[in-house]
Engineer: 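Below are the C-alpha cells for one structure; questions will follow.
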Protein chains: 2
Amino acid sequence: MENESARETGSSVSPKRRELREKVIESIATTMDLYGVNHSFGQLYGIMYFEDRPMTLEEMKDYMNMSKSNMSYAVRALTESQMIYKLDEKKDRKDQYIAETDFFHTFRSFFGAKLQREVDVMLSSIREVTPDLSEIVLAQQTTPEEREQALRDLHKLQHAEQYYMWLQGFVDRLRDGDPFFGTEASQSGEKEKEAGR
Amino acid sequence: MENESARETGSSVSPKRRELREKVIESIATTMDLYGVNHSFGQLYGIMYFEDRPMTLEEMKDYMNMSKSNMSYAVRALTESQMIYKLDEKKDRKDQYIAETDFFHTFRSFFGAKLQREVDVMLSSIREVTPDLSEIVLAQQTTPEEREQALRDLHKLQHAEQYYMWLQGFVDRLRDGDPFFGTEASQSGEKEKEAGR
DNA sequence: TCCGTTTTTCAAAAAAAATTGAACATAGAG
DNA sequence: CTCTATGTTCAATTTTTTTTGAAAAACGGA
C-alpha cells in the first residue's frame, strides 16, 4: 500500500518545485488561519489547489502525514465552505475530493457562509431581545432613568437590525455573483470555471 | 478601589436589561469568534458597544472579571482592527477606549484589515515564487514533463495574482466606503461617525 | 446477504491558544 | 527629577482546540 500511494501520488513533483509550492501553500494556510480556519486544513486545501485532481482520504493522509480520521474532519470543514467538492463517483471504493481553484469562487462561498451565519445569529438575538426592551420602555412602572437607558439600547438594536438587513442583501449579492462586485474584471478564465468537477 | 469602580461603572443597568444585553453580547462574541477573534475579546467589544462611553482598562477588567494584562492584549487587538479607539485624553492617568458602534464601519475596518493582510501575504509569496517557476519552464535542461507541470503551476499563480489584484481593489473600495457597496441605504447615522475620538 | 474495506465518531493525548501574576517600562503629577 | 500608578511584556499555568487510534457505522462488490 505504500507502493500504491506512491504510484497514485500523480505527477511527481521535482524537489525545487515542491519547495516553491510549499511557500505558496504555507501562505494559503496562513491566510485561512486569519479567518479562523485550522492551519492544517488550510494546508490541505493548498495541496489540493496545486494538485488539481481528485484526491482520496488516503492520499491526503500521506501528503499531510496525519491520521485519516483528521483528514475526514478536514474534508468535512472544507466541503462545508465549498473550498473542495466531493465527487459523485468513487475510485476503488474511495471517496474523491477536488479543490475549487477559482479563488473568486472560494471567496464568495467562504464569506457567504460565514456572513450568513453572522446575520442569522445576530438577527435572531436582536429580534429576541427587542420586544422585552420595548416593554421596559413602555411600562408604566419603569423609572425615567431606566426608560431613557432602555431606549438608548433599543435604538442601538434598531440601528444594528438595519445594518444586518443590509448585510443580508450584501450576502445575497455576493452569492449570486452580482456584477455589482466587479467580478468580471478579475475573472479572465471564467469559462472553464464550472466545468471541471 | 472596589468603590471607585462601582461609582464609575456609569449608569447602572437593571438586572433584566443586563440579561437582555448579555444575550446580544454573547451573539456578538460568537460572531467575532467565527472570524478567528478570541471569544473574550469579542465579549469585551460587546460590553463596550452597549456601554458607549470611554472605558479604562480597570473598568474592563472589572466587567470581564479578568486580569488587566489580558485586557491590555484585548484592547490592542480591538484597536488594531479599529473596533475600538483609544482616546487622546487620559482620565486620571488612565488610558480611555471607546467602541465604534457603527457596525458598517466595523465591517469595513475589520475586513479591510484582514483582507489587506491576505493580499499582502499572498501577493508576496506569489511574486517570490513566480520567477523561479518561470526559470524552470524556460531552462533548456528541464524535461518536457516537468516543464508542462511547471507551466501549469505558473498559470495557476498568474490566475491567483489577477484575483489578488482584484481583491486589492475591492479592499480599497471597501475602505473608502465606495458607494459601490450600497452603503448609503444602511447608514442613517453617518454624520457623527468620525467625530467622537 | 455477507465480507472486506472505507468513513465517521468518540474519548484520550498532544499541541496550541488564552489567561495570569510578576517584572519591567512608561508616563505624568508634584 | 523623583515617585507612584498605569500599561506592557514575559514565562508559567490553565483552558481550549487539534490530532489520534480504536471502535462503530456505512458502503459496495460478490
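So that the names make sense, note that chain A is the first sequence line, chain B the second, and so on, each numbered from 1.
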Engineer: Could you pull out all residues at least two apart from R175(B) that satisfy side-chain hydrogen bond (donor to acceptor under 3.5 Å, both in side chains)?
Structural biologist: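 R175(B) satisfies side-chain hydrogen bond (donor to acceptor under 3.5 Å, both in side chains) with Q116(B) once adjacent residues are dropped.
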
Engineer: At a cut-off of 3.5 Å, list every protein nitrogen or oxygen paired with a nitrogen or oxygen from nucleotides 21-28 of chain D, distance to 0.1 Å.
Structural biologist:
| residue | atom | partner | partner atom | Å |
| --- | --- | --- | --- | --- |
| dG21(D) | O6 | S69(A) | OG | 2.9 |

Engineer: Hey, which of these two, K68(B) or L57(A), hits DNA chain C nearer its 5' end, going by closest nucleotide?
Structural biologist: L57(A)

Engineer: Return the value, rounded to whole Å, for the distance between atom CD of E58(B) and atom C1' of dT8(D).
Structural biologist: 16 Å

Engineer: In this structure, how many angstroms lie between the C1' atom of dT4(D) and the CG atom of D92(B), rounded?
Structural biologist: 14 Å

Engineer: Start with the C-alpha distance between Q168(A) and D172(A), add both sets of side-chain angles, then the distance that settles side chain to side chain donor-acceptor pair (under 3.5 Å), and finish with yes or no.
Structural biologist: CA-CA 6 Å; Q168(A) 179 65 67; D172(A) 292 342; 3.1 Å; yes

Engineer: Can you tell if the side chain of E118(A) reaches within under 4.5 Å of the side chain of Y35(B), non-hydrogen atoms only?
Structural biologist: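 E118(A) vs Y35(B): side chains touch.
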
Engineer: Whole-Å distance between dT6(C) P and K91(A) NZ?
Structural biologist: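 So the two atoms are 13 Å apart, to the nearest Å.
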
Engineer: From NZ of K94(A) over to P of dT5(C), roughly how many Å is that when rounded to an integer?
Structural biologist: 10 Å

Engineer: Take the protein atom NZ of K61(A) and the nucleotide atom C1' of dT7(C), then report the distance between them rounded to whole Å.
Structural biologist: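 K61(A) atom NZ is separated from dT7(C) atom C1' by 14 Å.
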
Engineer: Please tell me which of the listed nucleotides, dT19(D), dT7(C), dT19(C), lies nearest to the side chain of F41(B)?
Structural biologist: dT19(C)

Engineer: If you compare all heavy atoms of E100(A) against all heavy atoms of H105(A), which two are closest, and at what distance to 0.1 Å?
Structural biologist: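 Heavy-atom minimum between the residues: OE1-ND1, 3.4 Å.
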
Engineer: Within residues 30-40 of chain B, find the residues that approach DNA chain C with a heavy atom at under 4.0 Å, and present them sorted by residue number.
Structural biologist: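 By residue number: N38(B), S40(B).
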
Engineer: Before giving the answer on side chain to side chain contact (heavy atoms under 4.5 Å, CB included), spell out for R173(A) and F170(A) the whole-Å C-alpha distance, their side-chain angles and the decisive distance to 0.1 Å.
Structural biologist: CA-CA 5 Å; R173(A) 290 195 304 275; F170(A) 181 86; 4.0 Å; yes

Engineer: Would you say the side-chain atoms of Q162(A) and Q158(A) include a donor-acceptor pair closer than 3.5 Å?
Structural biologist: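 There is no such pair (donor and acceptor under 3.5 Å, judged by atom type) between the side chains of Q162(A) and Q158(A).
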
Engineer: Have a look at Q96(B) and tell me which of K91(B), M55(B), K86(B) forms a side-chain contact (heavy atoms from CB on, under 4.5 Å) with it.
Structural biologist: K91(B)

Engineer: Grab the OH-C1' distance between Y97(B) and dT6(D) for me, whole Å please.
Structural biologist: 10 Å

Engineer: Write down the distance between CE (M66(A)) and P (dT8(C)), rounded to a whole number of angstrom.
Structural biologist: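 Atom CE in M66(A) sits about 17 Å away from atom P in dT8(C).
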
Engineer: Centres of the F107(B) and F111(B) rings: under 6.0 Å?
Structural biologist: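 Under 6.0 Å, so yes.
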
Engineer: Between P on dG28(C) and CG on D88(B), what's the gap in Å once rounded to a whole number?
Structural biologist: 12 Å

Engineer: Cation-pi check for Y49(B) against K156(A): NZ or CZ below 6.0 Å from the six-membered ring centre and within 45 degrees of the axis, yes or no?
Structural biologist: yes

